[in-house]
Amino acid sequence: MSIVLSEQELQRRQALTALEQLGINPYPANAFEINATASDILENYERDKLNYKNIRIAGRMMSRRVMGSASFIELQDATGRVQAYLKRDDLCPDEDKTLYNTVFKKLLDIGDFIGITGFVFTTNTGEISIHVQELTLLAKSLKPLPVVKSADGKTFDAVTDPEFRYRQRYVDLVINPQVRDTFAKVSKVKTSIRDFLNERGALEVDTPVLQPIPGGAAARPFITHHNALDIPLYLRIANELYLKRLIVGGYDWVYEFSRNFRNEGMDRTHNPEFTVLEFYVAYKDYLWMMEITEKLFEHVALATNGNTTLQVGDQEINFAAPYPRVSIYDAIKEHTGFEVDGMDEGGLRDVCKQLGIPTTESMGKGKLIDEIFGEQCEHHYIQPTFIIDYPVEMSPLTKKHRSKADLVERFELMVNGKELANAYSELNDPIDQRIRFEEQLKLMERGDDEAMFVDYDFLRALEYGMPPTAGIGIGIDRLAMLMTNQQSIQDVLFFPQMRPEKGVKHAGLEDYKAQGIPEEWIPVLQKMGFNTIETLKAANPNKVFNDLGGLRKKMKLDIPMPTKEEVLKWFE
RNA sequence: GACUCCGUAGCUCAGCUGGUAGAGCAACUGACUCUUAAUCAGUGGGUCCAGAGUUCGAAUCUCUGCGGGGUCACCA
């Protein structure tokens, strides 16, 4: 990040000083009470004109069109943009026209926060506008915003560079209104889920993010260290085992929006931290869970988009309940022609070979079936579909199927070719659970670095008894992507993970001062490209002295020129 | 992690087969009392991502690095 200021930044800082000299505080402490918003005015003025005679509104000045003694600006607040009209002699009824001629025309810039009072009217060209009677600077903006213009629904010079947008999301939000809309919808997805669950008596809870054993999922965790306890701690990869402990404790419906952390690759659908909604309900099974899940998704679609059918990319997806249920074996049979039900590990390995799916020695039966489904079937399920009844090997926390051998009572909800939710009748048999954990240990020994750790406290909890329970995890970021029709997880997270910005190497102010350089000349040297003391010392002192004079004139700097002897000392 | 594309003014982008940079918006000076991508006249603004190499000469060619996007691998 450069500390060297651009021409426009210098101009804005000069405007800041000029404002202070006029007795105007560019960052006043006073509250500015408003009684209207942009969208309120645009929506309601026409049918209720009397109520808009005396309005107060605040926001950023986003454009300025000056025509001598009258001007139009666009004011942007949290709700949108409204045009305002300023007339010199209305704004400054007395002799002194400084507020209009100097403050407004010269010292305000695009991006500044201002508050205005006035009355609403309609211009000759038919645009609802505010006739400004008073103008107050609320906060000066020192960095120029990208200027995005639009007309007739077309947008010009929009900032689309993903790096710019994600690193400086605050700017993205200011200049790209549809981004604010997207995040409002993301928020609506979460509140609509909370409403749905709270109405049904569920209890929202918080469980540890820092866990001594990263349990509840198969994934590589982030590891950290607690100094006082002198133990390693893991950032949670899931909260499942903690929520089930709460069911043991006697709650019958708990949920948590769990920020999870997984130390794995990043791409369009993966961020190192992401949010999963999990909920657990006592005395229910996975069949009940499918019914509540399809109702929940229908509810979320209606709450966020007002419709159960929505456009996602080039697909139209209908979230209206109910959704079809297909067993994983039937899915594989339908899309590959292979009947894998009852096959042993060797047979599955052979099927993978025929389908061209690479396998490794560490893959067990469950993993092989998972691979076949993932490669050959998953992408076919565009409309919401429950894939049910998974093999026991890939589901160590799931209750065995009530009627089908070697299967568990589990479903995944597939939408748009991707897994959106994962749920099951929870395994509550502590002896079986211990055996399943031990099988995971064996997988770990075979080299599966995602096999689960054994959580003995969780086993102890199950030994006290857990009622039959249905549980589910829903990927909230991916759900938000669907509901907002975004192609990248980065567009539903305010601050997606990025490699840290590396500033160009710069000497600090103290380094310059240590060379005996007066503070006011430091920006000039930086402007000349001497960002380190080393590069300065490598330069020709005579040339530097001459250039200082040149820049002093060019930048119209009102600071005394140092003598040549003084400058020569900088090089010692 | 692999492959691939990209990095030029505050922003959006030009810049051919090498001759050290242009446009629009933004900014500055001026004109203009209902404009709306306001208009008109004029002016300034650049470590062309960084470093090395080839060359008389590099924004341009080569290599290395940094940052980002896309595809794949891993995963949710």
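Numbers restart at 1 for each chain; the letters A, B, ... are given by sequence-line order, proteins then strands.
As judged by a 4.0 angstrom heavy-atom cut-off over every strand, A/Asn271 is placed among the base-contacting residues. Counting any heavy atom pair closer than 4.0 Å across all strands shown, A/Asp267 reaches a base atom. If you check every strand for non-hydrogen atoms under 4.0 Å, A/Gly265 touches a base. Across all strands shown, A/Glu273 has no heavy atoms under 4.0 Å from either base or sugar-phosphate atoms. Across all strands, A/Thr123 comes closer than 4.0 Å to base atoms (heavy-atom distances).
Non-hydrogen atoms lying under 4.0 Å from RNA chain B are contributed by A/Arg64, A/Arg65, A/Val66, A/Met67, A/Gly68, A/Ser69, A/Ala70, A/Phe72, all within residues 62-77 of chain A.
Within the 3.5 Å criterion, the main-chain N or O of A/Asp77 finds no donor-acceptor partner in the side chain of A/Thr79. A donor-acceptor distance shorter than 3.5 angstrom exists from the side chain of A/Lys97 to the backbone of A/Cys92, with no hydrogens or angles considered.
Rounded to a whole Å, the CZ atom of A/Arg88 is 18 Å from the P atom of B/U35. One can place CG of A/Asn101 at 14 Å from C1' of B/A31, the figure rounded to the nearest angstrom. One interatomic measurement links the two molecules: CD of A/Glu412 to P of B/A76, which rounds to 8 Å at whole-angstrom precision. Atom C1' of nucleotide B/C28 and atom CD1 of A/Ile110 are separated by 13 Å, given to the nearest angstrom. Here B/C28 presents its P atom at 6 Å from CG of A/Asp109, a figure rounded to the nearest Å. For the pair A/Glu9 CD and B/C28 C1', the interatomic distance rounds to 16 Å; values are reported in whole Å. When the C1' atom of B/G45 is taken as reference, atom CG of A/Leu5 falls 14 Å away, rounded to whole Å. Put simply, CD1 on A/Ile357 is 16 Å from C1' on B/C74, counting in whole angstrom units.
B/A38 and B/A26 have their C1' atoms separated by 15 Å, given to the nearest Å. Comparing B/G42 with B/C25, their P atoms are spaced 13 Å from each other, to the whole Å. The same atom, P, is picked in B/G19 and in B/U4; the two are 28 Å apart, to the nearest Å. Going from the P atom of B/U55 to that of B/G18 covers 15 Å, rounded to whole Å. Straight-line distance between the C1' atoms of B/A2 and B/C48: roughly 30 Å, to the nearest whole Å. Comparing the C1' positions of B/A50 and B/U8 gives a spacing of 15 Å, expressed to the nearest Å. For B/A21 and B/U54, the P atoms lie 23 Å apart once the distance is rounded to whole Å. Only the P atoms considered, B/C49 is 14 Å distant from B/G15, to the nearest whole Å.
Regarding contacts with the backbone of B/G30, a side-chain N or O of A/Lys106 is found under 4.0 angstrom from either OP1 or OP2. Close to B/G68, at under 4.0 Å from its OP1 or OP2, lies a side-chain N or O of A/Arg167. The phosphate of B/A38 (OP1 or OP2) has a side-chain N or O of A/Lys149 nearer than 4.0 angstrom. Close to B/G68, at under 4.0 Å from its OP1 or OP2, lies a side-chain N or O of A/Arg499.
Set against B/A76, B/A26, B/C66, the side chain of A/Phe274 has B/A76 as its closest nucleotide. Among the nucleotides B/U71, B/G67, B/C28, the one closest to any side-chain atom of A/Arg268 is B/U71. Which of B/C34, B/A26, B/A37 sits closest to the side chain of A/Asn124 comes down to B/C34.
Look at B/G42: its Watson-Crick or wobble partner, with both distances under 3.5 angstrom, is B/C28. Across all strands shown, B/A9 forms no Watson-Crick or G-U wobble pair with both key distances under 3.5 Å. Across all strands shown, B/G1 pairs with B/C72; the Watson-Crick or G-U wobble distances both stay below 3.5 Å. In this entry B/U55 has no Watson-Crick or G-U wobble partner, no candidate having both defining distances under 3.5 Å.
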What do the steps show when you test A/Tyr323 against A/Thr293 for side-chain hydrogen bond (donor to acceptor under 3.5 Å, both in side chains), and what is the final call? CA-CA 10 Å; A/Tyr323 308 153; A/Thr293 300; over 6 Å; no
Between A/Glu9 and A/Lys143, does the salt bridge (Lys or Arg N to Asp or Glu O under 4.0 Å) criterion hold? Intermediate values first, please. CA-CA 6 Å; A/Glu9 287 173 300; A/Lys143 283 184 92 67; 2.7 Å; yes
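A pairwise comparison of heavy atoms in A/Ile55 and A/Ile57 identifies CD1-CG2, 4.0 Å as the closest pair. Pairing each heavy atom of A/Pro208 with each of A/Arg236, the nearest pair is O-NH1, 3.5 Å. Heavy-atom minimum distance, A/Arg169 versus A/Asp491: NH2-CA, 4.2 Å. Residue A/Pro391 comes nearest to A/Gly366 through the heavy atom pair CG-CA, 4.4 Å, listed as atom of the first residue, atom of the second, then distance.
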Summarise protein proximity over nucleotides 4-14 of chain B in one line of letters, 5' to 3': B for base, S for sugar-phosphate only, - for none, counting protein heavy atoms closer than 4.0 Å. ------BSS--
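Toward the 5' end of RNA chain B, the nearer of the two residues A/Glu371 and A/Tyr85, judged by each one's closest nucleotide, is A/Tyr85. Comparing A/Glu375 and A/Leu420 along RNA chain B, the residue whose closest nucleotide (by nearest heavy atom) sits nearer the 5' end is A/Glu375.
Aromatic ring pairs are classed by plane angle as parallel below 30°, tilted from 30° to 60° and perpendicular above 60°; the pair A/Phe119 and A/His131 is parallel. Taking the six-membered ring for Trp and thresholds of 30 and 60 degrees, A/Tyr45 and A/Tyr52 have ring planes more than 60 degrees apart, a perpendicular arrangement. Using the six-membered ring where Trp is involved, A/Phe494 and A/Phe183 have ring planes that are parallel, under 30° apart on the 30 and 60° scheme.
A/Tyr286 is not listed as a side-chain neighbour of A/Arg410, based on a closest heavy-atom distance of 4.5 Å or more.
Donor-acceptor pairing under 3.5 Å, judged by distance alone, is absent between the side chain of A/Glu127 and the base of B/U35.
Looking at residues two or more places apart in sequence or on another chain, you find no side chain to side chain contact (heavy atoms under 4.5 Å, CB included) involving A/Lys353.
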